[in-house]
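In what follows, a single structure is set out as structure tokens and then discussed.
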Amino acid sequence: MTAPVEPIGYEPAAVEARWRERWAARGTNRTDLAQGDQPFYALMMFPYPSAEGLHVGNLFAFTGCDIYARFQRLQGHTVFEPLGYDAFGIHSENFALKVGRHPMELIPSNIRNFRRQLDRAGLMVDWAQQVDTTDPAYYKWTQWVFLQLYKQGLAYKKAAAVNWCPSCKTVLANEQVEGGHCERCGTAVEQRFLEQWFFRISDYASRLLGNLERLDWSETTKQAQRNWIGRSDGARLRFRVVDPVADAGSAAVSVTSELRADEPIIEVFTTRPDTIFGATYLVLAPEHPLVPQLTAPDQRAAVEAYRARAAKQDIVSRKTTKEKTGEFTGAFAANPATGQLIPIWVADYVLMEYGTGAIMAVPAHDERDFEFARKFGLDIVRVVAGDGEDARTPLGDVAYVGDGRLVNSGRFDGMPVDTAKRTLTEWLEGMGAGQAVTNYRLHDWCISRQRYWGPPIPIIYCDACGTVPVPEAQLPVVLPEIADFKPDDSGVSPLARHAEWFHVPCPTCGKPARRETDVSDTFLDSAWYFLRYPSVPRDDVAFDRATTRRWLPVTTYIGGNEHAVLHLLYSRFITMVLHDQGLLDFEEPFTKFRAHGLIIREGAKMSKSKGNVVNPDEYLEQWGADSFRTYLMFLGPFEEGGDFRDAGISGVKRFLDRLWASVRDCTTDGAPDDEVLRKLHATIKKVGEDVPALSYNTAIAAMMEYMNVLRKGERRCHRAEVEPVVQLVAPFAPHIAEELWAMLGHAGSVFDSRWPAFDPARLASDTIELVVQVGGKTRGKLVVPKDVTQDQALAAAKADPVIGRFLTGAPKKVILVPGRLLNVVV
RNA sequence: GCGGGAGUGGCGGAAUUGGUAGACGCGCAGGACUUAGGAUCCUGUGCCGUGAGGCGUGUGGGUUCGAGUCCCACCUCUCGCACCA
């Protein structure tokens, strides 16, 4: 008598450790970038390596991308799945300041911790090609990218308003200002005017918008970009400023009369040229350059005070305060349509950065102008009448912004609004008072940061030669390791205090010169990193020509929709610029983009303050990476995210346990069961369709469903019934899949096998279950031949004791949906 | 305010094209095996009703033989943008 042998159970920790080693030893995750006839570049958004370590949100995103990449590999593609670290930026710098350590020592230790966690998660990442934005070998090329833009005249310097926190002594991004106060210390934020570097992304607005049509991207992401670019079609109109005293006597000032040198022109942008007859005043932004020139002497004090107030106010609260304020300049302009004199005001509801910084106000048909006109008692003239209205219909308490026909508009009365937009623009153009233009909301990209932790902008200022770009051969401009990297009161980067770095000979004339002390925005680091991955070994070029041609554009990019606008737009812009320079063959970097959802917990976003952050380490430890990965994907649709709960995960572990036991105990005796095989083929089909569609949750459900069929009634399964499941599950649970694949006697990696094919003939059955409805209500089911006729089905239904009860008398109508349903209307 | 997305059992979530609502999992209940079970396996599980049956996908209408799915009106939640002329 022999003692019962305990069957070997599934022990994730041992299995996963074993395969981590084997993958490393065999180079399973390395991609030979020179080979492969079906290159597939699977990109995921690289993380910021925070001190807290990997967040479940990161892991959710990476796992989803990894599954997609592994699946593509099983489809026969040569897959490249790189990863790196986005480690520059104010986030890292603030954290370093807080804990009193230097980012140069903090970041490497954070990265080590990230790497440990990422390895534990079983990603198919080719670590030989990793990128770290803070490595001089990387940011050398970030600086090179800057120079390419500079060369093309797409980088320029101008003074711009920034938010300044006098307590933190630092420039704040708009998101760091809450209700006019610094989000960190609560101090009232001021506005400062600083010289900053900008990229001319607005020159590319129309291309960035137009190309969206042909990109295979999540619709939500494309829509966000469209809104951000903000195209609006309208007209630029010219208003002559008129001195009412000098022009006294002429009842209507002729618009076409000779310009007088001292009478400036105000240009406005409007989307409603059709309402020109209702323009009863003009408004200039407080910063508008013409304001000082045209303000009348008796209004000067008030206008100056108003401008000073606007200049001091922080940018955020100025834009969020809806209460209208303004001052009359004392000047007048001529309405080119009516010839009448209309007052010119300044008000901060008009923004200098949009359009021309000036508007024609049509209070009858614009809510903001209406509010303003009401408050300051300005004329309101209706020029559009909706259905059932005419020129005299009172407006009530709101502006009329709807459709309609023109009234009070001279010979254009009765014209529909949409025709009038075109017609009036042409009419005004004919008299030299304007032309049709398209305007975009997209502003130029400010890349200057008056901080320490970023790549120095490669520019040198020389008293003799002016602004001199650092020659490419002298890159990188290394960020010096300085102890006092804390920003100070000056609004100038801490780099300026580092004398031996700051003072530099001019590259052109050799005389003493000074370095630019601003560093660049982190969004610049990430706007080109996908170009670098395949070319990491090259230190003589940013990206290798042949490698880039083979591997780019990125086949599929998966990432968070929080980057829908800035990161993705900047990446597209940089790619276009490099393309225009002849350095890239394509102008769109990401052929396909999919946004993943957000993991929440107990209905709320995970955050430290709520104390609901999940540490992935504990789960990886307790359940293993395979169960944890699969569980994360099972929570809900990948593109929507899901609610993380501890419950649930045991079900996924149980599924893997059952798969393990099925492989361990399977037999090669006899033949596989036909019914089980049919379900197997249906499962192969479903998983093969769901995975590329990112419907991971339903793919997992389908595999679980099959496992239930496979093991129903504790049956022992045939090898042919279970072997393909190992391949199906491999993208989700790679370690156990490798182990089971080896247990089945295969020498190589399961990822070097080919995805199982399903046999359509196997899916069909001779009989079907036909649902029978009577009057639209389900009354039962019948098993019938698959090609049953309507009469046969009806006869069978009548013969059925339960269904037959409802079928008294002749049916009024019978509907047969082949293969599905019979509905009898009585 | 503008733009996008979503409302389905106790819970997370499934439902090709308008065709069995609730797949799969959690939880719960019962059972088997056990000294034991928070292990494992099996069975059941939308709600009301003893039953036949009835009611059910945010609310109210409509189209249809048939609506979670299509149309109209509304409510709620959520994510972007927000004085953009």
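Chain letters run A, B, ... following the sequence lines, proteins first, then strands; residues in each count from 1.
- Position along RNA chain B of the nearest nucleotide to K712(A) versus E219(A) favours E219(A) as the more 5'-ward residue.
- G60(B) shows a glycosidic angle more than 90° from 0 and is accordingly assigned anti.
- Between G27(B) and U50(B), the two C1' atoms lie 28 Å apart (nearest whole Å).
- Residues passing the ring-ring contact (aromatic ring centres under 6.0 Å, His included) test with W228(A): none are found, sequence neighbours excluded.
- For the pair L728(A) CG and C24(B) P, the interatomic distance rounds to 18 Å; values are reported in whole Å.
- The gap from the C1' atom of U17(B) to that of U78(B) amounts to 30 Å, rounded to the nearest Å.
- Contact annotation for N697(A): backbone-only contact, meaning every heavy-atom pair under 4.0 Å involves sugar-phosphate atoms and none involves a base.
- Among the protein residues, G648(A) comes within range of the sugar-phosphate backbone only, with heavy atoms under 4.0 Å from sugar or phosphate atoms but none that close to a base.
- Taking the C1' atom of each, C72(B) and U20(B) are spaced 29 Å apart, rounded to whole Å.
- Relative ring orientation between Y570(A) and F523(A) is described as perpendicular, the plane-to-plane angle rising above 60° on a 0-90° scale split at 30° and 60°.
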List, one per line, each side-chain donor-acceptor pair under 3.5 Å for residues 278-285 of chain A, sequence neighbours excluded.
residue: T280(A); atom: OG1; partner: D379(A); partner atom: O; Å: 2.7
residue: Y281(A); atom: OH; partner: D369(A); partner atom: O; Å: 3.0

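- Under the salt bridge (Lys or Arg N to Asp or Glu O under 4.0 Å) criterion, E367(A) pairs with no residue, sequence neighbours left out.
- Cation-pi contact between R572(A) and W217(A): present, with separation from the ring centre below 6.0 Å and deviation from the ring axis of at most 45°.
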Using a cut-off of under 3.5 Å, enumerate the N/O to N/O pairs linking the protein to nucleotides 54-57 of chain B.
residue: G54(B); atom: OP2; partner: R779(A); partner atom: NH1; Å: 3.3

Under 3.5 Å between N/O atoms: give me all the protein pairs with nucleotides 15-22 of chain B, atom names plus distance.
residue: U17(B); atom: O4; partner: R820(A); partner atom: NE; Å: 3.3
residue: U17(B); atom: O4; partner: R820(A); partner atom: NH2; Å: 3.0
residue: G19(B); atom: N2; partner: N823(A); partner atom: ND2; Å: 3.4
residue: U20(B); atom: O4; partner: E769(A); partner atom: OE1; Å: 3.3

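- Judged by closest nucleotide on RNA chain B, T220(A) is the one of T220(A) and S232(A) placed further toward the 5' end.
- The side chain of R654(A) places no N or O atom within less than 4.0 Å of a non-bridging phosphate oxygen (OP1 or OP2) of G25(B).
- The salt bridge (Lys or Arg N to Asp or Glu O under 4.0 Å) contacts involving residues 691-708 of chain A comprise K679(A)-E705(A), where partners must be two or more places apart or lie in separate chains.
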